[in-house]
Number of protein chains: 2
Amino acid sequence: MIKPTESELEILGILWSKGPSTVRVVNDELSLKRRVGYTTTLKLMQIMTEKGLLRRKKDSRNHIYFPVAKEDDTKNAMIQRFIDTIFDGSATRLVMQALGNHETTPEELEKIKELIREKEGGEK
Amino acid sequence: MIKPTESELEILGILWSKGPSTVRVVNDELSLKRRVGYTTTLKLMQIMTEKGLLRRKKDSRNHIYFPVAKEDDTKNAMIQRFIDTIFDGSATRLVMQALGNHETTPEELEKIKELIREKEGGEK
DNA sequence: TAAAAACTACGAATAATTTCGTAAATCATA
DNA sequence: TATGATTTACGAAATTATTCGTAGTTTTTA
């Protein structure tokens with residue numbers, strides 16, 4: 001699976017949350033966070049299409065872009081890479097460190113416990 | 001906190017696991033995984049020193065390099081960035097996705113549960 | 001102590017990523 | 001239908017990251 005660059009990831013994030021979108025929409029969204037020219041966003045999305053990260057369909061004058069890979073698959077691949085480079089391949093170490101140093105509400109802890117029960121039990 | 005590049009992270013990883021080391025030691029270790037010239041590693045470590053990622057002390061002919069920031073602090077900062085870009089700031093989402101898609105032994109699950117108990121209970 | 005070996009400094013080439021200007025095409029509307 | 005607004009294509013500049021060669025210094029050892 002192709003590794004998106006930092007900027008590409010921003011764009012994927014927007015497409016995941018907003019669904020298939022035009023360059024205009026993505027650029028507007030990006031512009032909320034930082035200054036970025038329209039053609040910059042356009043070029044990036046064209047490159048992502050070449051790389052196979054995005055596909056697009058024509059809609060009159062515009063192109064509507066959408067990610068090729070599923071959000072979950074992409075995120076899992078990224079977690080895997082992250083774990084491999086930083087945590088020596090151990091997902092547990094990542095989880096421990098993430099849990100150990102971030103605020104979590106009781107509800108969130110409950111959800112995690114539930115997930116663990118499922119993994120332990122086979123069925124919940 | 002400065003964000004290390006991919007290559008810089010490799011070097012940090014080696015220094016974390018082997019302790020303060022010379023360029024030679026780091027380069028030998030890197031070379032186990034891929035071809036890399038000695039002066040490449042040297043230059044990288046010099047740049048990292050300029051950036052403030054590493055410090056070094058002179059030891060006769062050599063320099064001995066070591067990370068400025070603690071391993072845990074660096075990893076936490078990286079997790080934070082990862083969470084912010086990919087999981088919308090939610091550590092729980094990262095944990096859920098990491099747990100949901102990676103093999104974990106019962107022992108590991110037990111360790112995680114223990115950590116959760118501590119977080120819930122205040123004291124264990 | 002002279003030659004060889006190992007090390008540092010540093011400039012610069014290469015590669016990857018991000019940015020944007022310009023030209024041409026498409027579409028809306030005056 | 002022609003003017004203006006929006007979009008696409010594309011080359012190339014700017015920036016950042018990686019790689020390495022060469023020169024000069026220090027240390028080892030024959």
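Each chain gets a letter, A, B and so on, in the order its sequence line appears, and its residues count up from 1. Worth knowing before you read on, the calculation uses all heavy atoms, side chains too, and leaves out hydrogens, waters and symmetry mates. Quantities reported herein were computed from a predicted structural model and do not represent experimental measurements.
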In sequence, state the C-alpha distance, the side-chain angles, and the governing distance for A/Glu114 and A/Glu110, and then conclude on side-chain contact (heavy atoms from CB on, under 4.5 Å). CA-CA 6 Å; A/Glu114 172 62 19; A/Glu110 201 48 57; 5.5 Å; no

Atom CE of B/Met45 to atom C1' of C/dT8: distance rounded to whole Å? 12 Å

Between C/dA15 atom C1' and B/Leu44 atom CG, what is the distance in whole Å? 14 Å

Under 4.0 angstrom, heavy atoms only, what part of the nucleic acid is B/Thr5 near: base, sugar-phosphate, or nothing? sugar-phosphate

Pair A/Asn76-A/Gln80, side-chain donor/acceptor within less than 3.5 Å: no

If you round to the nearest 0.5 Å, how far is NZ of A/Lys3 from NZ of A/Lys51? 11.0 Å

Looking across every strand, which nucleic acid part, if any, lies under 4.0 Å from A/Thr39 by heavy atom: base, sugar-phosphate, or nothing? base

Does atom CZ (B/Arg81) have a neighbourhood of more than 12 heavy atoms from anything else shown, all under 6.0 Å? yes

Got a salt bridge between B/Lys75 and B/Glu71, using NZ or NE/NH1/NH2 to carboxylate O under 4.0 Å? yes

Between B/Arg56 and C/dC7, is there a contact of a side-chain N or O with OP1 or OP2 at under 4.0 Å? no

Whole-Å gap separating P (C/dT19) and CZ (A/Arg34): 5 Å

Would you mind reading off the distance between B/Lys43 atom NZ and C/dG11 atom P, rounded to a whole angstrom? 7 Å

Between A/Ile47 (CD1) and D/dT8 (P), how many Å, whole number? 15 Å

Taking only side-chain N and O atoms of A/Ser7, does any of them lie within less than 4.0 angstrom of OP1 or OP2 on C/dT17? no

What is the distance, rounded to the nearest whole Å, between atom CG of A/Asp59 and atom P of D/dT8? 10 Å

Taking OP1 and OP2 of D/dT8, is either one under 4.0 Å from a side-chain nitrogen or oxygen of A/Arg24? no

Contacts of B/Thr41 and B/Lys51 projected onto DNA chain D by closest heavy atom; the upstream (5') one is B/Lys51

Mind calculating the distance between CD1 (A/Ile2) and P (C/dA16) to the nearest angstrom? 14 Å

Does a nitrogen or oxygen in the side chain of B/His63 sit under 4.0 Å from OP1 or OP2 of C/dT8? yes

Contact class for A/Thr40 (heavy atom, under 4.0 Å): base, sugar-phosphate, or nothing? base

For D/dC20 and B/Arg35 - does any side-chain N or O of the residue sit under 4.0 Å from the phosphate oxygens OP1/OP2? yes

Answer with base, sugar-phosphate or nothing: what part of the nucleic acid does B/Ser60 contact at a heavy-atom distance below 4.0 Å? sugar-phosphate

Quick one: on DNA chain D, does A/Lys58 or B/Leu42 contact a more 5' nucleotide (nearest heavy atom)? A/Lys58

Salt-bridge criterion met for A/Lys119 and B/Glu108 (N-O under 4.0 Å): no

Using whole Å, report how far CZ of A/Arg61 lies from P of C/dA24. 18 Å

Measure from the side chain of A/Gln46, starting at C-beta and using heavy atoms only, and say which of C/dC10, D/dC10, C/dT8 lies closest. D/dC10

OP1 or OP2 of C/dT8 versus the side-chain N and O atoms of B/Tyr38: is any pair under 4.0 Å? yes

